[in-house]
Each structure stands twice: as C-alpha cells, then as structure tokens.
Enquirer: 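One structure follows; several queries about it will come next.
Only heavy atoms go into these numbers, but all of them, side chains included; no hydrogens, no water, no symmetry mates. Proteins get letters first, then strands, A, B, ... in listed order; numbering begins at 1 in each.
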Amino acid sequence: MTVQENRFDFTAFDADAVLGWYDQHARELPWRARSPELASAYHVFLSELMLQQTVVATVIPYFNEFIRRWPDIHALAAADEDDVLRAWAGLGYYARARNMVKAAREISTAREGRFPQTADELIKLPGVGPYTAGAIAAIAFAKPAVVLDGNIERVLIRFAGIDQPKKLVKNSLAERYLSVLPETRRSDFPQALMDVGAGVCTPKQAKCDICPLAAGCAARRRPNPEDLPVKPEKPAKPVRQGKIYVITNPFNQILMTRRAPTGLLGGMMGFPSSGWDKSHHDQHLLAALADARKIRLPQGFSHIFTHFRADIDVFHIQVSASWQPPENYSWAEVNPDDWPTLFRKAWQQVETFLRYVGGA
DNA sequence: GATGCGTGGAC
DNA sequence: TGTCCAAGCAT
C-alpha cells in the first residue's frame, strides 16, 4: 500500500497551469456552466450518463433534445420509459437510458428532487458508477471527489510515466488525483483535465508543444509519449451471420417486436430476425411466414457491435391486409429515428429497394 | 475480474 | 477500408 502511494511522482504537477489553460480554451457545452457558477445537477447527471463511452459531438443533440422534452428531474421521472428509449435510439448502450429513468424516479420521489451531493451517495443510483458519481459530485457540487475517466487516467499516467496497465494502478491513481486536486475550482479542475485529455493529450497524438503540463511530464521525455498508457491486447471480433426480416403491410406499416429488457439492444423495439443474437428468437413468427414470399435484398450489410460483427442478410416480406401477426408482434409506423442503428440499416436497404422497384 | 454492452468519427 | 476507440457500468 505504502509502496504504491510513493511509486508515482506528481510533485511537478501544475494544477494552476491546467486551470489557466482551461480559462483560455474551455469549450462551451450545453451542460456546462460558466465558472465560478455551477451547472445544474440535472444537466450534469444527464450529460454524464450520455457521455459514458460516447464523444461530446455525438451527445450534444441528444442532450438538447432531452432537456427540451424533459426540462427537469421530475419531468424525466414522469416520462414514459418507451419515449425515453426512442429518444435515446442511436446513442447506444441502451441500459444507460433505462437506468437513467430509474435513477430519475428515485431522486424525484424518494428524495423529492434533491440530488445526492456526495460520490458515496450518488454511486448508489442505477447507472452511476465510480466515475459518474465523482463527476457529478465535483462538477455540480464542487466536492473534492475523485474523477477518473479515460482522459484523466491517460493524462496522469503519461505525466508520471507509469508503464503499467491501468487496472493495476487505478487505486493509486485515485490517491494521486486527490493529491493534485487544488483547494479551489474543484468543479473546473476535472473538466479542465478532461478537456486536456480530449483535445491535447489524445490517445494517438500527445500534442506536447501546446500542453499546459508539458514542463513536468515524464512521457514527454520519451521517444513516443503515445506509448502510454500500455494497453492490453484485444481479442479478435467474432463474426455472426444473421437475417433480418422487414415485414410490411399494405398500410405502409412495419412489423416490430419488443426486445428483452436486458442484454443486447435491451428494451428496444426491433425487427424479427435470426442468427446474430443468440438470446433473441422469432421462431414462431418465422414459422407462420414459412410460405410467404421473401425477397432477399441484393446487398446485405455489416454492423459492428462492441464484441462481434454481424453480417446481415435482409429479407423483405409483404403481407396482405388480412394477415394477423402473432402475439408480441405489432405494426409500427416507419420511424427509423426511433430504432437502433442495426435496424435503421436494414430498413435503409428495403427503402432503397422499394424506391427502385416503385420508380422503375 | 472478465465479459457484455453501441455507435460513428478520426486516421 | 479496417482499426481504433470515447467523459463506464452491471453482472
């Protein structure tokens, strides 16, 4: 324990330089307050949930739409979960949306809308882990909480020249974070450090010439600062073959079914399919359509998930007005914006095909 | 503690 | 075009 505490040297860390850089270069973001004001906890909460493993540019339009539709924690708590999932469609990691609604309901009801202000309390909320708890406590409430995301970890690891895998040094890094955290501007500090990580000390290019921490940085003295942090090798992505069935009726509606509440694309509406997702089956429906005419679209497509690649063949089935779907399937209007990207792609192929056929 | 969980942009 | 990877969390 003591060995770890002393292993990394941050004595040259210049928090004032980071904050000075931030004063010059801070990005205006919809959820960000202008220092020394603090952003609303609701905005911080919403943005941090969306920002988990997601880049700022992707989050901005979703964040704006969410606060327009659900301007405060009570509005979000009162929202229909399916409306929230549809608004989240395309952002990915859909468990975040479901957890967000749960957390909002806890805060709105059990806490009468008052956010917990410490990381120890915040982390009890669903979807809020060590990073997000620390981020909300620090950014919204200026608490001296540990905020370690991928950016800050990378900046600190490079600064101290730590050439051990992240998972081995995470705890000592948290201690080091608190040791470099300044007494004032505790809300700005983690945001400043994250901005440095996102814009200066990036994974593939450490722009040391413009870095406010360059003076004391160990990685800068190496031939390739980008060699840090050391990363574990990744397993190869398996490929799964699958089929997606776009089934339409004469009323320009499309057949969809609710996916299981957890797991891949959990809780989202999806098209009948087979092969690419072991935990989802449409066997009964497909048996009922065994004799239907299926048109396989010429192209197919590929979709990359986190841990596998799906090579998809797309089939179009047009059923008659009298055909009744089995239980758990329903006709939906064509709203690709409400669907996960996998199904948007499948629809895109059918739409192109139908336009070609219809226009010919 | 390893694994499952999306997506789109940068290069 | 393929590879990498981004403000992580739950189990």
Enquirer: Is a side-chain donor or acceptor of A:Gln191 paired with a backbone partner of A:Ser187 at a separation under 3.5 angstrom?
Expert: yes
Enquirer: Pick the closest DNA chain C nucleotide for A:Asn99 and for A:Arg32 by heavy atoms, then say which residue is nearer the 5' end.
Expert: A:Arg32
Enquirer: Check whether any side-chain nitrogen or oxygen of A:Lys231 sits under 4.0 Å from OP1 or OP2 of C:dC4, and answer yes or no.
Expert: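 Looking at the OP1 and OP2 atoms of C:dC4, neither is under 4.0 Å from any side-chain N or O of A:Lys231.
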Enquirer: Could you tell me how far apart A:Phe301 (CZ) and B:dG8 (P) are, to the nearest whole angstrom?
Expert: 12 Å
Enquirer: Just to be sure I understand the geometry, which residues of residues 48-67 of chain A put a non-hydrogen atom under 4.0 Å away from DNA chain C?
Expert: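 Only A:Glu48, A:Leu51, A:Gln52, A:Gln53, A:Val55, A:Val56 qualify.
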Enquirer: In residues 255-274 of chain A, what residues come within less than 4.0 Å of DNA chain B, judged by heavy atoms?
Expert: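 Only A:Gly263, A:Leu264, A:Leu265 qualify.
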Enquirer: Expressed in whole Å, how much space separates the P atoms belonging to B:dG6 and C:dT11?
Expert: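 The answer is 14 Å between these two P atoms.
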Enquirer: Among B:dA2, B:dT7, B:dG8, which nucleotide has an atom closest to any side-chain atom of A:His303?
Expert: B:dT7
Enquirer: Round to a whole Å and report the spacing from NZ of A:Lys167 to C1' of B:dA2.
Expert: 10 Å
Enquirer: With distance as the sole test, does A:Arg86 use its side chain to make a donor-acceptor pair with the main-chain N or O of A:Met268 at under 3.5 Å?
Expert: no
Enquirer: Look at the side chain of A:Arg344 and decide which nucleotide, out of C:dG8, B:dT7, B:dG8, has an atom nearest to it.
Expert: B:dG8
Enquirer: What about A:Phe115 and A:Tyr42, are their ring centers closer than 6.0 Å?
Expert: no
Enquirer: Output the rounded distance in Å from CZ (A:Phe308) to P (B:dG4).
Expert: 10 Å
Enquirer: Can you tell me if A:Arg258 uses its side chain to pair, donor with acceptor, with the backbone of A:Gly267 under 3.5 Å?
Expert: yes
Enquirer: Checking the side chain of A:Arg158 only, and the main-chain atoms of A:Cys217 only, is there a donor and an acceptor separated by less than 3.5 Å?
Expert: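 Judged by distance alone, no pair lies under 3.5 Å.
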Enquirer: Taking the minimum atom-to-atom distance to the side chain of A:Lys204, which one of C:dC5, C:dA6, C:dC9 wins?
Expert: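 Shortest atom-to-atom distance from the side chain points to C:dC5.
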Enquirer: Taking the side chain of A:Tyr131 as its heavy atoms from C-beta onward, which of B:dT7, C:dG8, B:dA2 lies nearest to it?
Expert: C:dG8
Enquirer: Taking A:Leu285 as the starting point, is it possible to reach A:Ile244 by hopping between hydrophobic residues whose side chains are less than 4.5 Å apart?
Expert: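 They do not share one cluster, since no chain of ILVMFWY contacts under 4.5 Å joins A:Ile244 to A:Leu285.
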Enquirer: Taking C-beta and beyond as the side chain, do A:Asp209 and A:Lys207 meet within less than 4.5 Å on heavy atoms?
Expert: yes
Enquirer: Cation-pi check for A:Phe308 against A:Arg240: NZ or CZ below 6.0 Å from the six-membered ring centre and within 45 degrees of the axis, yes or no?
Expert: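 That pair qualifies as a cation-pi contact.
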Enquirer: Whole angstrom is fine here: how far is it from CD in A:Gln348 over to P in B:dG8?
Expert: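 Interatomic distance, CD of A:Gln348 to P of B:dG8: 12 Å.
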Enquirer: Nearest-Å distance, CG (A:Leu342) to C1' (B:dG8)?
Expert: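 Between C1' of B:dG8 and CG of A:Leu342: 15 Å.
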Enquirer: If you compare every side-chain N and O of A:His307 against the phosphate oxygens of B:dG4 (OP1, OP2), does one of them come in below 4.0 Å?
Expert: no
Enquirer: Rounded to whole Å, how long is the line connecting atom NZ of A:Lys237 with atom C1' of C:dT3?
Expert: 10 Å
Enquirer: In residues 81-93 of chain A, which residues come under 4.0 Å of DNA chain B by heavy atom?
Expert: A:Gly90, A:Leu91, A:Gly92, A:Tyr93
Enquirer: Between A:Ile157 and A:Leu173, is a side-chain contact (heavy atoms from CB on, under 4.5 Å) present by the stated rule, with each step listed?
Expert: CA-CA 8 Å; A:Ile157 283 172; A:Leu173 222 46; 3.8 Å; yes
Enquirer: Can you tell me how far C1' of B:dG4 sits from CH2 of A:Trp276, to the nearest Å?
Expert: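 Rounded to the whole Å, the gap is 14 Å.
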Enquirer: Considering heavy-atom distances to DNA chain B, does A:Gln205 or A:Thr341 have its closest nucleotide positioned more toward the 5' end?
Expert: A:Thr341
Enquirer: Please tell me which of A:Met194 and A:Leu125 maps to the more 5' nucleotide of DNA chain C, matching each residue to the nucleotide holding its nearest heavy atom.
Expert: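 Going by which nucleotide is closer to the 5' end, it is A:Met194.
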Enquirer: Would you indicate, yes or no, if C:dC5 has its OP1 or OP2 atom less than 4.0 angstrom from a side-chain nitrogen or oxygen of A:Lys234?
Expert: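 Yes, such a contact exists.
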Enquirer: Under a single-linkage definition using a 4.5 Å side-chain heavy-atom cutoff for Ile, Leu, Val, Met, Phe, Trp and Tyr, are A:Phe159 and A:Val180 assigned to the same hydrophobic cluster?
Expert: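 Same hydrophobic cluster.
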Enquirer: Quick one: do the A:Asp282 and A:His284 side chains pair a donor with an acceptor below 3.5 Å?
Expert: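 There is no such pair (donor and acceptor under 3.5 Å, judged by atom type) between the side chains of A:Asp282 and A:His284.
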Enquirer: Between the base of B:dG6 and the side chain of A:Thr306, is there any donor-acceptor pair under 3.5 Å?
Expert: yes
Enquirer: For A:Gln117 and A:Ala137, indicate whether the former's side chain and the latter's backbone hold a donor-acceptor pair under 3.5 Å.
Expert: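 Checked: no pair found.
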Enquirer: Can you check whether A:Phe63 and A:His43 have ring centres sitting under 6.0 Å from each other?
Expert: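 Yes: the rings meet the under 6.0 Å criterion.
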Enquirer: Rounded to the Å, how far apart are A:Leu148 CG and C:dG8 P?
Expert: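 Atom-to-atom, A:Leu148 to C:dG8, this comes out as 11 Å.
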Enquirer: Report which part of the nucleic acid A:Pro190 touches: base, sugar-phosphate, or nothing (heavy-atom distance under 4.0 Å, all strands).
Expert: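 Nothing: the residue A:Pro190, judged by heavy atoms under 4.0 Å, touches no strand.
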Enquirer: Under 4.0 Å, counting only non-hydrogen atoms across every strand here, what does A:Arg309 touch: a base, just sugar-phosphate, or nothing?
Expert: nothing
